[in-house]
Amino acid sequence: MPEGLEVEIYRRAAEPLIGREIARIEVDERVAAPGVLDRIDDELRGGTVLSARRLGKQLLLDTDGPTLGVHFGMTGRIVVDDVAAIDQLEYGSGRDEPRWDRFRITLADGGSMRVNDPRRWSRVTLDPDISGLGPDLLEVTYDQLRIAVSGRSRPIKALLLDQHVVAGLGNLCVDEVLWHARIAPAHPAGELTGGEVAALHRCMRQHLPVMLDRGGSHRGEVSPAFRAALPSCPQDGAALVRETVGGRTTVWCPVHQV
DNA sequence: GCCCTTGTTACGCC
DNA sequence: AGGCGTAACAAGGG
């Protein structure tokens, strides 16, 4: 599940595209956002990639024409010049079947960028509207977080999963960060103390880059392997709990998360 | 063949 | 109006 961390890895993998000319575009109509199919060839072919940016889970490739936006859904992987940025995606298939290529840019120099996605939940857009997204998960400040939680009654987990609040957090990263910050997922956001919000912010700034360096959102201490086996809490040995919070499977420790 | 997975969105309620 | 919860949907894997 490409959360913001995976997409940051994808963004880095896409940087070699900068300065290269787009010669050909192939897109599965089912991953093209409305209207894109009609425009994309005319507006992108012959253009040059100028930069590779990211906001939350959106990869943004600026060209001298429109900006290309790619959202990777749950199982989309990027492959640049035939090298996959991530070999094995959590919940993905781990294979690279040609029939799962949903989007491909062929460059004038013969190279390519493609999106391989078994389940077709990726979305390709032109000049995506990202104005509704919150601050990026790797950049969000304490003040932004404090303002975001104030007056909100929703569980903190539901709030953090809301891309309008913080862009890029997914189910695994939220569980991981709350576990480190010692905050229960169902804790009403607005009832967190200043100290708890500070701990949450500090844990995001501290642990998300470590997970990024290790390879993504599944490389935390409450990893998917842990989640499946549901072992005892590595911090205090208590039995972990699995329940639904914010509509998602949630694993947490009822002893140290309050 | 049912049920699991996640991110997004539509929708109903308050 | 807008915050919130729930369900539906995408489709392959176990």
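We use all heavy atoms of the structure for the numbers below, so side chains are in, but hydrogens, waters and symmetry mates are not. Residue numbers start from 1 in every chain, and the chains themselves are labelled A, B, ... in the order their sequence lines are given, proteins ahead of strands. As the structure is a prediction and not an experimental result, all values here were calculated from the model.
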Open item on the list: Counting only side-chain heavy atoms from C-beta out, which of B/dT6, C/dG12, C/dG5 sits nearest to A/Arg154?
Closed with: C/dG5
Open item on the list: Nearest to the A/Pro118 side chain among C/dC4, C/dG12, C/dA11, which nucleotide is it?
Closed with: C/dG12
Task: Closest nucleotide among C/dA10, C/dG12, B/dT8 to the A/His71 side chain - done: B/dT8
- [ ] Find the distance A/Asp175:CG to B/dT6:C1' and express it as a whole number of Å.
- [x] 12 Å
TODO: Go through the side-chain N and O atoms of A/Gln235 and A/Arg182 and say whether any donor and acceptor fall under 3.5 Å apart.
DONE: yes
TODO: Scan A/Arg152 against the nucleic acid and name what it touches under 4.0 Å (heavy atoms): base, sugar-phosphate only, or nothing.
DONE: sugar-phosphate
Open item on the list: Can you measure A/Leu172 atom CG to B/dG7 atom C1' for me and round it to whole angstrom units?
Closed with: 12 Å
Open item on the list: Closest approach to the side chain of A/Glu3, judged atom by atom: which nucleotide of C/dG5, B/dG7, C/dA11 is it?
Closed with: B/dG7
- [ ] Rounded off to whole Å, could you give me the NZ-to-P distance for the A/Lys157 and C/dG5 pair?
- [x] 14 Å
Open item on the list: Without decimals, in angstroms, what is the distance between A/Asp117 CG and C/dG12 P?
Closed with: 10 Å
Task: A/Glu15/A/Arg12 salt bridge by N-O under 4.0 Å criterion - done: no
- [ ] For A/Pro188, report the nucleic acid contact type (base, sugar-phosphate, nothing); a contact means any heavy atom under 4.0 Å.
- [x] nothing
TODO: Please work out whether the ring planes of A/His180 and A/His207 are parallel, tilted or perpendicular, with thresholds of 30° and 60°.
DONE: parallel
Open item on the list: Does A/Gly247 reach a base, just sugar-phosphate, or nothing at all? Heavy atoms under 4.0 Å.
Closed with: nothing
- [ ] Report the nucleotide, chosen from C/dG13, B/dG7, C/dG5, that has the shortest atom-to-atom distance to any side-chain atom of A/Pro155.
- [x] C/dG5
Task: A/His71-A/Trp121 aromatic ring centre distance below 6.0 Å - done: no
TODO: Would you kindly give the CZ-to-P distance between A/Arg120 and B/dT6, to the nearest whole Å?
DONE: 22 Å
TODO: Run the salt-bridge test on A/Asp101 and A/Arg77 with the 4.0 Å N-O cut-off and return the result as yes or no.
DONE: no
TODO: Choose from C/dC4, C/dG12, C/dA10 the nucleotide whose nearest atom is closest to any side-chain atom of A/Ser153.
DONE: C/dC4
